[in-house]
Amino acid sequence: MIKLKGKIGIGFICSTYNSTLSTNHTIILKNLNKKNVIKCVNRNLEDLIKLLELSKNLGCKIFRLGSQFIPFASHPNFNKNWFKEIEKIIIDYLPEIKKYNIRITMHPGQYVILSTDNKKILKRSLTELRYHFWVLEKLEVDQNGIVVIHGGGEYGNKLKAMKNLIKNIENNKWLKERLALENDDKIYNAKDILELCQCLNIPFVFDYFHHQIFFSQINFKEIFKTWGYRIPEFHISSSGGSKYKHGDYVNIKDFKDFIKTFQRDLTDNIKRIDILLEAKKKELAVRKLILGLKNEKYLLV
DNA sequence: GCAGGTCAAGTCTAC
DNA sequence: GTAGACTTGACCTGC
């Protein structure tokens, strides 16, 4: 049995539970102008520093940056020249951000779809992804800074949709620098996503909660292989009442069960695995999990 | 200051 | 044919 000592890094997503700190401060479309965007970016950066500080104090190793970090960055009404000014602002904050040495990743919303054969939807999705890549590049995040999306729609023919997804990624090879795919709870299960990731040679972000809802037979050794030299990122949440809803916290039992599902497939060359808690109570969920694991604290990095 | 209404986008399901 | 869920709150308006 391979020991897990110091292998698991955890983290929370986007904001604090009560949103006093958030990397998702935004505006509504009709207020889209340079002044408002710059104001939002500054606010998001200021809060990002505080969220990294909080993460560090909790012992977290990973943080998900909000997708609205630059509001409407991929919208046609967004003036591309604004990026120059935003870049300057990011550079000002950069030394402080890098100081924490916390892995930063991103997860664009449900409207980013690469399985489509609709040119307009594809174009919009690629623009949105390009913006996410731009942010991570400007934050000087290394290749562990992935951008994870779901498989998208199936349009009544899943095989055709999967082929579309492969074609659209192969036609835009720049995506392979950071793009990762995640299993969902209704359309693309872990087996589907593993096949896609193997075919495309991109990482597979395994979501334990979705896997419980939409189960399929998978081999974790193969999932780890898709990560190559990168640190794997996995997601966990517990049920929050109804079937698909994320809970406030992550149950200790769910966390331990998750570890058990992949523990025997770990190899010595995997030095760390990051697990993002997709729990509504964010940092409180992290704290509760750490407390719950205190007798097995050796698990966490 | 606060409560309630509204908010870019796509897909799928239920009615 | 269309409203609502999904997600995930956060912003804005009107009082």
Side-chain angles (χ1 to χ4, degrees), chain A residues 12-33 35-44 46-48 51 63-79 106-132 147-158 160-162 164-165 168 181-189 192 205 207 209-210 213-214 235-250 276-285:
Chain A
F12 60 100
I13 60 171
C14 303
S15 63
T16 50
Y17 82 99
N18 55 7
S19 299
T20 48
L21 298 174
S22 173
T23 56
N24 258 337
H25 294 295
T26 186
I27 50 177
I28 59 169
L29 184 56
K30 71 168 184 169
N31 292 335
L32 177 60
N33 58 49
K35 189 177 149 229
N36 285 338
V37 168
I38 298 291
K39 199 173 148 192
C40 261
V41 172
N42 267 305
R43 215 175 149 200
N44 284 330
E46 277 168 25
D47 281 5
L48 172 62
L51 285 159
F63 181 75
R64 179 191 294 166
L65 193 63
S67 272
Q68 304 182 82
F69 187 68
I70 306 174
F72 297 101
S74 66
H75 194 276
N77 294 0
F78 190 97
N79 186 330
M106 294 183 86
H107 189 10
Q110 62 199 305
Y111 304 111
V112 170
I113 290 156
L114 297 182
S115 61
T116 182
D117 54 10
N118 178 319
K119 282 182 182 154
K120 272 188 187 167
I121 294 168
L122 177 64
K123 193 180 168 199
R124 229 179 304 197
S125 298
L126 290 171
T127 311
E128 179 74 0
L129 285 168
R130 212 179 272 283
Y131 141 63
H132 281 77
V147 175
V148 55
I149 60 167
H150 291 288
E154 67 176 318
Y155 315 101
N157 185 342
K158 190 149 99 177
K160 184 169 173 264
M162 285 167 84
N164 258 342
L165 186 138
N168 289 333
L181 296 176
E182 177 186 348
N183 56 310
D184 65 69
D185 48 14
K186 289 189 184 82
I187 302 171
Y188 295 98
N189 60 29
D192 299 325
V205 175
D207 186 300
F209 181 54
H210 292 158
I213 297 169
F214 190 12
H235 296 166
I236 188 169
S237 49
S238 293
S239 175
S242 74
K243 189 177 177 185
Y244 301 108
K245 278 207 159 64
H246 291 176
D248 286 345
Y249 297 94
V250 171
L276 266 177
L277 309 192
E278 292 185 323
K280 283 184 181 171
K281 294 284 184 185
K282 313 285 172 91
E283 79 280 17
L284 302 186

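Per chain, numbering begins at 1; letters A, B, ... match sequence-line order.
- Heavy-atom contacts of chain A under 4.0 Å fall on DNA chain B between two terminal nucleotides, which in 5' to 3' order are B:dA8 to B:dC12.
- Among residues two or more places apart in sequence or in another chain, the salt bridge (Lys or Arg N to Asp or Glu O under 4.0 Å) test is passed with A:Asp117 by A:Lys160.
- Proximity of A:Val41 to A:Asn44: side-chain heavy atoms (C-beta onward) are nowhere separated by under 4.5 Å.
- Side-chain contact between A:Glu283 and A:Tyr17 is present, with heavy atoms from C-beta onward closer than 4.5 Å.
- Comparing the P positions of B:dA3 and C:dT7 gives a spacing of 27 Å, expressed to the nearest Å.
- With both ends at atom C1', the span from B:dT11 to C:dA10 equals 24 Å, rounded to whole Å.
- Protein atom CD of A:Glu182 is 14 Å distant from nucleotide atom C1' of C:dC6, rounded to whole Å.
- Glycosidic conformation at B:dT11 (O4'-C1'-N9-C4 for purines, O4'-C1'-N1-C2 for pyrimidines): anti, more than 90° from 0.
- Applying the side chain to side chain contact (heavy atoms under 4.5 Å, CB included) criterion to A:Ser125, with sequence neighbours excluded, gives A:Val112, A:Ile113, A:Leu114, A:Ile121.
- Between A:His235 and A:His107, the angle of the ring planes lies from 30° to 60°, which puts this pair in the tilted group.
- Side-chain atoms of A:Leu277 and A:Ile236, non-hydrogen and from C-beta on, do get closer than 4.5 Å to each other.
- With the 3.5 Å cutoff on both pairing distances, Watson-Crick and G-U pairs in DNA chain B assemble into runs of at least 3 at B:1-7 with C:9-15, B:10-15 with C:1-6.
- Nucleotides C:dG1 and B:dA8 are separated by 26 Å at their P atoms, to the nearest Å.
- Atom pair A:Ile213:CD1 and C:dC6:P shows a separation of 11 Å (rounding to whole Å applied).
- Stacking of A:Lys158 on the aromatic ring of A:Tyr188 is recorded, both the 6.0 Å distance cut-off and the 45° axial limit being met.
- A:Phe72 comes within contact range of at least one nucleobase, with a heavy-atom separation under 4.0 Å.
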Quiz prompt | Per-nucleotide protein contact string for nucleotides 8-15 of chain C, where B marks a base within reach and S marks sugar-phosphate only (heavy atoms under 4.0 Å, - for neither) | solution = SSSSSS--
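- Interatomic distance, CG of A:Leu65 versus CG of A:Asn24, reported as 8.0 Å (0.5 Å rounding).
- B:dC2 and C:dT8 have their P atoms separated by 27 Å, given to the nearest Å.
- Here the straight-line distance linking atom CG of A:Asn164 with atom CD of A:Glu154 works out to 13.0 Å at 0.5 Å rounding.
- For the atom pair OG (A:Ser22) and CZ (A:Phe69), the distance works out to 10.5 Å, reported to the nearest 0.5 Å.
- Screening residues 118-132 of chain A for salt bridge (Lys or Arg N to Asp or Glu O under 4.0 Å), with sequence neighbours left out, gives no hits.
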